[in-house]
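Fair warning: this is a prediction, and the values are worked out from it, not measured in the lab.
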Amino acid sequence: MRRRTWILTLFILFFTRAEGQNADSGMIHLGYPVYSQYLQNGLMINPAYTGTRGALSTFLSYRRQWMNMPGSPVIQSMSLHTPMKNDRVALGVLAQFMQYGRTRSGSVYASYAYHVRMGSGKLSLGIKGGFDKSSTDYSGIVLTTQGDPVFSSNEKPYLLPNISAGAYYFNDKFFAGVAVPAFLGYSKSSSGEAQVFHSFSNYDLVFSAGALITFSSFFKFKPSVLADYSLRNSGINQLDLNGNIILADLLWLGGSWRSTEQVMVGILQLQVNPQLMFGFSYDYPAGRMKTYKTGGSTEFILRYEFGYRVSASNPRYF
């Protein structure tokens, strides 16, 4: 337990220089990054996922969004989470970094979850706290009109603390979760300062659910869904329909349809052993997105688990 606590502490100290999320002229939007392989790291969407892997689980991802567009977002994430000696308690850390155009952004959050045995599975209740930080550098922009006041100075950096909470239930055959990604909102004052506010009507709710269908020891199918619902706009920000074919617990072949963006996603993942997984995905623009010639998006992931309790005869699918 002491070793795991030290690893978590060092991770927090190392990444507290992360830079955060961009703001526009009014509301300051946190702009949660879109990932295609979030199912392999549920900590990205729900703090209650903390510790549910039953091991010290580390995760790295690299995403290049809209590859053909200059200044398009490059997104990186790093996380680790683990149950403690009292396995009802779990701790985790998530750091995300993004650069797009002249803006560099990122966030660092620490999470806590408490697990309760419920029937054949467990219910996890989680909370996370941390901050988003942003900075924009206009010095490298070549202007056609000199003295443009909009670009006369760099945008003031923002440091935006926030809190998230969620619930997550899972067993060997099924999982479901709901989370509020951010309790606090921010807006710009007339002087450009960030002003914090809280409103229930400003919440987003992220729902996720999935199941494992076993046809044989060689062939399994894992369907799932994710929906991000905005109370502010009374509508869905993101809807993903996903399906993964699992062959011999080694090869994962998946696909997703992100209806709100009209994007098709192809996913290839390799579970090398119970501890190590590699993954690659490609987002292909369809529908109205196809007209922008974005070139699609690619994403690479790596997950490694230390001190795992999962055996080859009893692998984890959620």
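With hydrogens and angles left out, the side-chain atoms of Y114 and N86 include no donor and acceptor closer than 3.5 Å. For the residue pair Y158/D132, the side-chain donor-acceptor check at 3.5 Å is not satisfied. Judged purely by distance below 3.5 Å, without hydrogens or angles, the side chains of Q238 and Y229 never pair a donor atom with an acceptor atom. Checked by atom type, the side-chain pair S134/R104 shows no donor-acceptor distance below 3.5 Å. No hydrogens or angles considered: nothing links the side chains of Q76 and Q99 as a donor-acceptor pair under 3.5 Å. A side-chain N or O of Q37 and one of S281 form a donor-acceptor pair less than 3.5 Å apart. A side-chain donor from one of T50 and S111 sits under 3.5 Å from a side-chain acceptor of the other.
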- [ ] Could you please spell out the steps behind the side-chain contact (heavy atoms from CB on, under 4.5 Å) verdict for L253 and Q269?
- [x] CA-CA 7 Å; L253 301 172; Q269 295 168 340; over 6 Å; no
TODO: Show the numbers, then the answer: is there a side-chain contact (heavy atoms from CB on, under 4.5 Å) between L226 and I45?
DONE: CA-CA 10 Å; L226 178 141; I45 58 175; 3.6 Å; yes
Task: Audit row: K220, K222, side-chain contact (heavy atoms from CB on, under 4.5 Å) steps and yes/no - done: CA-CA 7 Å; K220 301 177 180 71; K222 179 185 170 183; over 6 Å; no
Open item on the list: Using side chain to side chain donor-acceptor pair (under 3.5 Å), reason through R53 and T82 one step at a time and then give a plain yes or no.
Closed with: CA-CA 8 Å; R53 295 290 303 174; T82 179; over 6 Å; no
TODO: Dump the intermediate steps for side-chain contact (heavy atoms from CB on, under 4.5 Å) on V116 and R88, then the final yes or no.
DONE: CA-CA 7 Å; V116 180; R88 289 189 175 187; 6.0 Å; no
Open item on the list: With ring pair (Phe, Tyr, Trp, His ring centres under 6.0 Å) as the criterion, how do Y168 and F170 come out once you've worked through the C-alpha distance, each side chain's angles and the decisive distance to 0.1 Å?
Closed with: CA-CA 7 Å; Y168 180 81; F170 66 99; 5.6 Å; yes
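Judged purely by atom type and a 3.5 angstrom limit, S230 uses its side chain to pair as donor or acceptor with the backbone of N233. Within the 3.5 Å criterion, the main-chain N or O of F300 finds no donor-acceptor partner in the side chain of S61. Side-chain atoms of N273 come within 3.5 Å of backbone N or O of L276 as a donor-acceptor pair. Under a 3.5 Å cut-off, the side chain of N46 and the backbone N or O of A167 do form a donor-acceptor pair. Counting only distance, with no hydrogens or angles, the side chain of H81 and the backbone of G51 share a donor-acceptor pair below 3.5 Å. No side-chain donor-acceptor contact under 3.5 Å links N242 to the backbone of P223.
No side-chain heavy atom of D228 sits under 4.5 Å from any side-chain heavy atom of I236. Between D87 and H115, the closest side-chain pair of non-hydrogen atoms is not below 4.5 Å. Considering only heavy atoms from C-beta on, F280 stays 4.5 Å or farther from E299 through its side chain. Residues V225 and D240 fail the side-chain proximity criterion, which asks for heavy atoms closer than 4.5 Å. In this structure, Y112 and V89 have side chains that are in contact, with non-hydrogen atoms separated by less than 4.5 Å. Contact check for D204 versus L231: no side-chain heavy atoms found under the 4.5 Å cut-off. Between S297 and Y282 the shortest side-chain heavy-atom distance does not fall below 4.5 Å. By the 4.5 Å heavy-atom criterion applied to side chains, S79 and V93 are not counted as neighbours.
Rounding to the nearest 0.5 Å places CZ of F278 at 10.5 Å from OH of Y304. Interatomic distance, S224 OG to Y38 OH, rounded to the nearest 0.5 Å: 5.5 Å. Rounding to the nearest 0.5 angstrom, the gap separating the CD1 atom in I301 from the CZ atom in R303 is 7.0 Å. Rounding to the nearest 0.5 angstrom, the gap separating the CG atom in L268 from the CG atom in L251 is 6.0 Å. Rounding to the nearest 0.5 Å places OG of S77 at 11.5 Å from CE of M98. To the nearest 0.5 Å, the span separating NZ on K122 from OH on Y169 amounts to 11.5 Å.
The two residues L80 and L43 make their nearest non-hydrogen contact at O-CD2, 4.3 Å. Closest heavy-atom contact between A113 and S124: CB-OG, 3.6 Å.
A single hydrophobic cluster is seen to contain both L91 and I163, as judged by linkage of ILVMFWY side chains at heavy-atom distances under 4.5 Å, directly or through other members. In terms of hydrophobic clustering, with Ile, Leu, Val, Met, Phe, Trp and Tyr side chains grouped at heavy-atom distances under 4.5 Å, L123 and V178 are assigned to different clusters.
If you look at H198 and Y203, their ring centroids are closer than 6.0 Å.
The side chain to side chain contact (heavy atoms under 4.5 Å, CB included) search around S199 returns S201, N202, not counting sequence neighbours. Shown here are the side chain to side chain donor-acceptor pair (under 3.5 Å) partners of N171, two or more places apart in sequence or in another chain: S120.
At a threshold of 4.0 Å, the pair R64-D283 does not count as salt-bridged, since none of the basic side-chain nitrogens sits closer than that to a carboxylate oxygen.
The only member of Q275, Q40, E305 that meets side chain to side chain donor-acceptor pair (under 3.5 Å) when paired with S57 is E305. A ring pair (Phe, Tyr, Trp, His ring centres under 6.0 Å) with F175 is found for one member of Y317, Y49, F318 and no other, namely F318.
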Counting only pairs under 3.5 Å, give me each side-chain donor-acceptor contact of residues 205-216, with atom names and distances, residues two or more places apart or in other chains.
residue : atom : partner : partner atom : Å
S216    : OG   : F218    : N            : 3.2
S216    : OG   : F219    : N            : 3.1

